[in-house]
Protein chains: 2
Amino acid sequence: MGVAGSMPSPQLLEEYSQFFRLLSEPARLQLLCQLKAGPMDVAALIEATGFSQSHVSRQLGQLQRADLVRCERDGVRTIWSADSELVDDLCNLVQTRLRQRLEAQLQQLQSA
Amino acid sequence: MGVAGSMPSPQLLEEYSQFFRLLSEPARLQLLCQLKAGPMDVAALIEATGFSQSHVSRQLGQLQRADLVRCERDGVRTIWSADSELVDDLCNLVQTRLRQRLEAQLQQLQSA
DNA sequence: GACTGGTATGACGATAAACGCATAAAGGGT
DNA sequence: ACCCTTTATGCGTTTATCGTCATACCAGTC
């Protein structure tokens, strides 16, 4: 299953890439990480990130369309949350890779 | 470790996003999947994907800078390969998520 | 119902990335 | 030495995305 063995269909490749594109923006990753600490409203996210209100709202909208965040209204405020483990898992895999690369470069320098 | 628990540094978020950006293009994903089947030269990749020669060469260059592909010269040809399990693992995680989403949507339709 | 505070969205300029064309570089064969 | 093949790269055009300003929207308050 997955990518191994046979070539994924163009449609699937397109969906993969669209998903990864969501994570290709530091702002969205930062919002996801903030929400990982617990549900917050937009004002708190603005405070935490320093982004403009419209920017925060837009990025949340994009993440919502992929079900990476949810929202519920509390009166006039909108409380956003992100409970999926997926982004954590993906980032951990990438982090392991980044560390391996640096270690390899380090060894290459030491052996030279 | 990873993203869980504490907020990653801006630098780390930047590196994560740069990595995911590499996977955010169907063309690059397709090249990676092709190379998963085994080493190939550029001409074979052009044949397999239908992309232009310069396009293939450029995308391979980007993937190489992240060590997602390697190359060795065989005379005038350049043989590219990609042996990392990372992209497979990432895609499998995303695929699982996409399937869960569709199943949830399906159930919502059935219960309506 | 007008007003206020909080959030989403249309319009738009700036910036970045894709993609192709033409060309250069690099390595054989005659 | 010349030419041919294969791949890499400078350049220009097009397209897409970001980020902001202004404005519309929505829910509660007086």
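Residue numbering restarts at 1 for every chain, and letters A, B, ... go by the order of the sequence lines. Scope of the values below: all heavy atoms of this structure, side chains included, with no hydrogens, waters or symmetry mates.
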Linked, directly or transitively: B:V76 and B:L60 (ILVMFWY side chains, under 4.5 Å): no

Parallel, tilted or perpendicular: rings of B:F51 and B:H55 (30°, 60°): perpendicular

Integer-rounded Å distance: D:dA8 P and B:I46 CD1: 10 Å

Distance in angstrom units between B:H55 NE2 and D:dT14 C1', rounded: 13 Å

Along DNA chain C (nearest heavy atom to each residue), the more 5'-positioned of A:R21 and A:W80: A:W80

Gap between atoms CZ and C1', on B:R77 and D:dA8 respectively (whole Å): 17 Å

Transitive ILVMFWY side-chain link B:V56 to B:I79, under 4.5 Å: no

D:dG28 OP1/OP2 closer than 4.0 Å to side-chain N/O of A:R73: no

Side-chain donor/acceptor of A:T96 to backbone N/O of A:N92, under 3.5 Å: yes

Any B:Q53 side-chain nitrogen or oxygen under 4.0 Å from OP1 or OP2 of C:dC21: no

N/O donor-acceptor pair, side chain B:E25 with base C:dA17, under 3.5 angstrom: no

Position toward the 5' end of DNA chain D (nearest nucleotide), A:Q59 or A:V76: A:Q59

Nucleotide C:dA16, atom C1' - distance to CD of B:E14 in whole Å: 13 Å

Atom-to-atom span, CD1 of B:I79 to P of D:dT6 - whole angstrom: 12 Å

D:dT7 phosphate, OP1 or OP2, under 4.0 Å from B:S57 side-chain N/O: no

B:R58 side chain near D:dT7 phosphate (N/O to OP1/OP2, under 4.0 Å): no

Gap between atoms CZ and P, on A:F51 and D:dT20 respectively (whole Å): 9 Å

Side-chain donor-acceptor pair present, A:Q107, A:E103, cut-off under 3.5 Å: no

Rounded distance in Å - CG (B:L22) to C1' (C:dA16): 15 Å

Sugar-phosphate only, base, or nothing, as touched by B:S54 at under 4.0 Å among non-hydrogen atoms: base

Touch class at under 4.0 angstrom, heavy-atom based, for A:Q64 against every strand present: nothing

Nearest-angstrom distance from the residue atom CG of A:L45 to P of C:dA8: 10 Å

